[in-house]
Amino acid sequence: MQRIDVLGVPVDILQPQDMEKQVMELISRPGTKQVVFLSVWDLLRARGKSDYAQCVREADLVLPVSKSILRGARFLKKNVPCRYNPFTAVISILTALENHYKSLYMLGGRKKTLMAAESNVRRTFSGLRIVGRYVGYYPKSVEGDVVEAIRKASPSLVLVSEGIREKDCWAYNRREKFSGSIFLYYRDVIGIFSERIKRVSEEVFNKGLEIWHEILHNPLKIFLLFPYIWYIILLVWYRIFKKS
């Protein structure tokens, strides 16, 4: 695996056929590990000094999900990473875990959705041990119990989904409380597994048109055009003034 940076933000180059090897290598490391799915909007957020920016910089695996990141790497004359469909990547990771009889903890979603998702995951990945689950949108008063449950279960992977307010930063801000799990935040993963949410088709994703799917569900996302213009300006600035 090779790590490059795009506008000062780390992006990993990982071939799909190497996913299983990389996942097992992460599991073998001590301490809390984190996988981050990085969109172009996330990349812009990660350029600052926020907790999220630090989370991305310290993540063990940063996988680009936007075509614009690939174009940006190419424009800056860097090696071009592979782009990942988040749900497809989750399936690859769960398959790797199943092949090695590893374990999973599911965190997020409403109770009914979470139970349906767990049932479908058990049926699809029969060799994968699900060692616990907890709903999202929980009150602050029970957070200590949630953290302790995950720590005791010591799963290979914790899938974090909707209802976890801090998103990627949830695991990062509590990394000292866990011993050896990989954490991965993907908002829709439990909804998709429960069949409550319909995932974007591979055809639409491969064409880079998934943003229009999001805009149809939330028209306000049309205003993402403005940060995208800023992204283009930054690329040009880096190309002219930041040549290494």
Side-chain angles (χ1 to χ4, degrees), residues 1-5 8-15 18-38 42-43 45-65 81 84 86 89-108 121 125 127-134 136 138 140 142-161 163-187 189-190:
M1 188 182 73
Q2 179 189 2
R3 174 161 287 192
I4 63 171
D5 75 85
V9 177
V11 178
D12 290 317
I13 300 176
L14 177 66
Q15 301 300 322
D18 295 328
M19 177 65 83
E20 181 168 340
K21 180 180 178 182
Q22 185 61 35
V23 169
M24 299 315 297
E25 195 275 332
L26 287 180
I27 289 175
S28 69
R29 295 183 197 172
T32 301
K33 286 82 62 171
Q34 191 152 12
V35 178
V36 171
F37 291 135
L38 193 74
D42 296 327
L43 185 146
R45 287 174 56 213
R47 297 187 69 249
K49 296 182 179 180
S50 63
D51 283 351
Y52 178 74
Q54 198 64 27
C55 169
V56 172
R57 291 190 185 103
E58 295 185 18
D60 299 87
L61 187 57
V62 181
L63 300 177
V65 301
Y84 281 86
V90 168
I91 295 297
S92 296
I93 292 170
L94 292 182
T95 299
L97 295 176
E98 181 186 31
N99 290 342
H100 295 269
Y101 306 101
K102 299 299 181 179
S103 57
L104 171 69
Y105 193 104
M106 303 175 73
L107 176 63
V121 170
F125 301 95
L128 182 65
R129 293 183 297 116
I130 299 180
V131 294
R133 66 174 188 269
Y134 205 91
Y138 57 77
K140 189 72 174 176
V142 305
E143 183 170 284
D145 295 334
V146 176
V147 171
E148 182 65 10
I150 295 174
R151 188 190 68 79
K152 286 184 176 180
S154 191
S156 306
L157 173 70
V158 181
L159 272 183
V160 184
S161 187
I164 304 303
R165 183 176 299 176
E166 295 172 68
K167 304 178 181 180
D168 288 286
C169 291
W170 188 88
Y172 177 74
N173 290 335
R174 296 158 182 79
R175 59 194 181 280
E176 301 300 331
K177 298 182 179 180
F178 305 110
S179 55
S181 300
I182 300 172
F183 287 80
L184 188 160
Y185 172 79
Y186 174 33
R187 183 185 186 281
V189 67
I190 288 177

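Fair warning: this is a prediction, and the values are worked out from it, not measured in the lab.
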Restricting to non-hydrogen atoms, name the atom on [X] and the atom on [Y] that form the minimum distance, rounded to 0.1 Å.
| X | Y | result |
| --- | --- | --- |
| Ala53 | Ala46 | CB-O, 3.4 Å |
| Val56 | Pro10 | O-CG, 3.7 Å |
| Leu43 | Val9 | O-CG2, 3.5 Å |

Mind checking side chain to side chain contact (heavy atoms under 4.5 Å, CB included) for [X] and listing every partner two or more places apart, or none if nothing turns up?
| X | value |
| --- | --- |
| Lys102 | Met24, Ile27, Leu97, His100, Ser156 |
| Arg187 | Glu162, Tyr185 |
| Thr95 | Ile91, Asn99, Phe125 |
| Glu176 | none |

query = Looking at CD1 of Ile164 and CG of Leu159, how far apart are the two atoms once the value is rounded to the nearest 0.5 Å?
reply =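 With rounding to 0.5 Å, CD1 (Ile164) is 12.0 Å from CG (Leu159).
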message = How long is the straight-line distance from CG of Leu26 back to CD1 of Ile182, given to the nearest 0.5 Å?
response =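 So the gap between those two atoms works out to 4.5 Å.
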key: Minimum side-chain heavy-atom gap Phe183-Asp168 below 4.5 Å   =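 They are not in contact (no side-chain heavy atoms under 4.5 Å apart), so the answer is no.
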message = Once salt bridge (Lys or Arg N to Asp or Glu O under 4.0 Å) is applied, do any residues pair with Arg45, and if so which ones, sequence neighbours excluded?
response =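 Asp42.
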request  = Please name all residues satisfying salt bridge (Lys or Arg N to Asp or Glu O under 4.0 Å) with Arg174, sequence neighbours left out, ordered by chain then number.
outcome  =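 Here the qualifying residues are Glu143, Glu166.
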request  = Just do the side-chain contact (heavy atoms from CB on, under 4.5 Å) check on Leu184 and Phe37 with the steps written out, would you?
outcome  = CA-CA 8 Å; Leu184 188 160; Phe37 291 135; 3.5 Å; yes
inquiry  = Please list all pairs meeting salt bridge (charged side-chain N to carboxylate O under 4.0 Å, His left out) that have one or both residues in residues 49-65, counting only residues at least two apart or in different chains.
reply    =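 The answer is Arg29-Asp60.
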